[in-house]
Amino acid sequence: MIEIQLDGKKVEVPAGSMVMHAAEKAGTYIPHFCYHKKLSIAANCRMCLVEVEKAPKPMPACATPVTMGMVVRTQSDKAIKAQQSVMEFLLINHPLDCPICDQGGECQLQDLAVGYGAARSRYEEEKRVVFHKDIGPLISMEEMSRCIHCTRCVRFGQEIAGAMELGMSHRGEHAEIETFVGQTVDSELSGNMIDLCPVGALTSKPFRYQARTWELSRRKSISPHDSTGANLIVQVKNQQVMRVVPLENEAVNECWIADRDRFSYEALNSADRLQAPMIKQGGVWKTVGWQTALEYVANGLKQVKSAHGAAAIGALLSPHSTLEELALAAALVRGLGSENVDSRLRHADFSNVAAAGSARWLGLPVAALSRLDRVLVIGSNLRKDHPLFAQRIRQAVRQGCQVSALLEQAPDWAMPVRNTLLSDSATWVGALAGVAVAVGQQTGAKPPVDAVVSDAARALALSLLGGERKAVLLGNAAAHHEKAASLLALANWIAQQTGASVGYLSEAANTVGAQLAHALPGPGGLNAQQMLAGGLKAVLLLHAEPDSDSALGGAGLQSADMVVTLSPFKTNLDISDVLLPVAPFTETSGSFVNAEGRLQSFHAVVRPLADTRPAWKLLRVLANLLGLPGFDADSSQAVLAALLPGVTSGERVDAARLCNASTAVPDLRPARQAPCVASIYQLDALVRRAAALQRSADAQVGRTNGAASRGAV
């Protein structure tokens, strides 16, 4: 540790720290623009100039290493005058358009100009003008004349997103931040550049001119998309969601969110919202009241049970539903006497389940991904399936981590991949068995099966045997694979021999939670594939859209006497008999359990739209109409307390309930069907209806490959 004196106070910081780090530890604010704790040091704005004793001139706090006994003054006349001079230069060309700037009210330049700017400028020359550029549907560069060249956006692309999509061209007053030869910014994390921009140069296209910052209420929430469980701040005006930005949580999403977390809110305000219950009569949809709709559903379920037995009733539940919704929906169907409940809509191997009461999970804390030395990723388009997990692994790679992959196609993960084992998805088990044999050749252990060892498999095995902190991660395509149990069995053996953890990246916000809520078929119950194939007479669809969420689609449900869709949207119109409008995540309270098993609860941020109702309330009332016992919870918190007693929001569930063990014997026979995986902006009902996301380059690729891509990894 090195001790320095900062404004008369003694501060100890590790060797190699900068003066800025010492100031942060001491709680002393030093004005800055280009410095950001998650980015490399650029030292190009010079706003953080401070006085260092014996230095001939003011020094930038962000780029001046501490030395033993250093004396730093941040509030001296010399420091303040230097900062004021820098501010004067920054404002020479800055346009005076705060009244129309989206960043007005939350602009660092505006804030610091109050403290360090002069009342009037000494410069009377014309200000420079930078012409606007179109870089895609998400980020606006309409007012690049505001840019102060802090290069935060450039460094974010290089260091966090992994792709340098923005850069600085030209020099002097002609310098501009722009893309290369008019290309668009297509990173799945690009929206974070908006947050990083300290002025109004980069702004949100969907939010542009919609509201001023002081008009917005700010409320905490959790992302309902992938299994990261990113923490959000949802900004609201007049009971309408206007913007979504990250809430910093170092253990989960740090200070970043993916673009689908940021921009999917557009779906909440879309014309596709279902605002009142509807019943199909004679092929025509009619709006009805809640009492009529619920009695119709209750009577229909009773009639089906009476005529065909409870086994003719089933429920398909989206793993993007809240923990409380999943638990109540599963309990309702079981209360009727049926075990036909499933949330694994895209799966093909239903034998791959954890022990009763436990769940497959990531196998390590999310934060540990940034500290790995070796990673083997099996069957995942890591960058698009899990953008925030990918950026953590990207940070590990910057520290020397070696990444290996077993995939169908060469990965484009915006990071170096040391070893790539390419194989058709049908033969992934055989390819992974080759890695197991190669590991066994090095360790002397007998592999569970025999297989041919390729050079790529041997190189991959040698990589895994090195390093200390290691993980074998199975992606969405591995989880949905016809031979998922075999892949997990081999992954467990390889992990055991190499000292690695093994886990699932997990597809949805509540994939782990759905298992804990027992949203799985019980003894004798039908799985999702069997239910979708037909045979049921009454089906409940909770946030599920079979045509987009499964490989089989919803055609098999056409023969059912009654299909009830519980969704915020007008969907499943061709197969449904009843549409019940339930609240999306912003209009209900609930909980998600992310990939690492962390429970995170949230409250509604706006009132339910029109006649929309929270799904947990709707399910409780429906169960009451059916006369089922045990449905008396008066809040979502009561439902959660009964399901996960003693676990509070922010905590991880008991480790005993998280299990990736497998007793399966690897089956080397080729799979007959390719795994069903969703492209990045076809993952769930919200992103599928977010207009800006659907205009992005990734969405175009997703539509080309189909809503539910086969083996697109």
Exercise. Any ion pair linking Asp632 and Arg620 (charged N to carboxylate O, less than 4.0 Å)?
Worked result: no
For this session: Give a yes or no on whether a salt bridge exists between Arg689 and Glu266, defined as a side-chain N under 4.0 angstrom from a carboxylate O.
Result: no
Exercise. Do Ser227 side-chain atoms and Leu505 backbone N/O form a donor-acceptor pair below 3.5 Å?
Worked result: yes
Exercise. Are the charged groups of Arg688 and Asp272 less than 4.0 angstrom apart, N to O?
Worked result: no
Show me the donor-acceptor pairs, under 3.5 Å and distance only, between side chains in residues 243-250 and residues at least two apart or in other chains.
{"residue": "Arg243", "atom": "NE", "partner": "Gln235", "partner atom": "OE1", "Å": "2.7"}
{"residue": "Arg243", "atom": "NH1", "partner": "Glu106", "partner atom": "OE2", "Å": "2.9"}
{"residue": "Arg243", "atom": "NH2", "partner": "Glu106", "partner atom": "OE1", "Å": "3.3"}
{"residue": "Arg243", "atom": "NH2", "partner": "Glu106", "partner atom": "OE2", "Å": "2.9"}
{"residue": "Arg243", "atom": "NH2", "partner": "Gln235", "partner atom": "OE1", "Å": "2.8"}
{"residue": "Glu248", "atom": "OE1", "partner": "Lys37", "partner atom": "NZ", "Å": "3.3"}
{"residue": "Glu248", "atom": "OE2", "partner": "Lys37", "partner atom": "NZ", "Å": "2.5"}
{"residue": "Asn249", "atom": "OD1", "partner": "Ala251", "partner atom": "N", "Å": "3.1"}
{"residue": "Asn249", "atom": "ND2", "partner": "Asn231", "partner atom": "OD1", "Å": "3.1"}
{"residue": "Glu250", "atom": "OE1", "partner": "Lys38", "partner atom": "NZ", "Å": "2.9"}
{"residue": "Glu250", "atom": "OE2", "partner": "Lys38", "partner atom": "NZ", "Å": "3.0"}

For this session: Could I get the full list of ring-ring contact (aromatic ring centres under 6.0 Å, His included) partners for His481, not counting sequence neighbours?
Result: Trp428
For this session: Quick one: which residue pairs count as a salt bridge (Lys or Arg N to Asp or Glu O under 4.0 Å) with a foot in residues 581-602, not counting sequence neighbours?
Result: Arg273-Glu587, Glu596-Arg598
Exercise. Is there any ring pair (Phe, Tyr, Trp, His ring centres under 6.0 Å) pair reaching into residues 599-619, and which pairs are they, with sequence neighbours excluded?
Worked result: Phe592-Phe602
For this session: Please determine if Glu188 and Arg260 form a salt bridge, counting it only when a charged side-chain N lies under 4.0 Å from a carboxylate O.
Result: no
Exercise. Is the His543-His320 ring centre distance short of 6.0 angstrom?
Worked result: no
For this session: Ignoring hydrogens and angles, tell me if any N or O in the side chain of Arg613 forms a donor-acceptor pair with the backbone of Asp611 under 3.5 Å.
Result: yes
Problem set entry | By ring-ring contact (aromatic ring centres under 6.0 Å, His included) - contacts of His225 (at least two apart) | none
Exercise. Can you tell if the side chain of Tyr504 reaches within under 4.5 Å of the side chain of Asn660, non-hydrogen atoms only?
Worked result: yes
Pairs under 3.5 angstrom only: tabulate donor-acceptor contacts from the side chains of residues 327-336 to other protein residues two or more places apart or in another chain.
{"residue": "Arg334", "atom": "NE", "partner": "Glu339", "partner atom": "OE1", "Å": "2.7"}
{"residue": "Arg334", "atom": "NH1", "partner": "His518", "partner atom": "O", "Å": "2.9"}
{"residue": "Arg334", "atom": "NH2", "partner": "Glu339", "partner atom": "OE1", "Å": "3.4"}
{"residue": "Arg334", "atom": "NH2", "partner": "His518", "partner atom": "O", "Å": "3.4"}
{"residue": "Arg334", "atom": "NH2", "partner": "His518", "partner atom": "NE2", "Å": "3.3"}
{"residue": "Arg334", "atom": "NH2", "partner": "Leu520", "partner atom": "O", "Å": "2.4"}

Problem set entry | side chain to side chain contact (heavy atoms under 4.5 Å, CB included), paired with Asn594, selected from Val512, Leu599, Val252 | Val252
Problem set entry | Given Arg344, Arg360, His347, the one that forms side-chain hydrogen bond (donor to acceptor under 3.5 Å, both in side chains) with Asn352 | Arg360
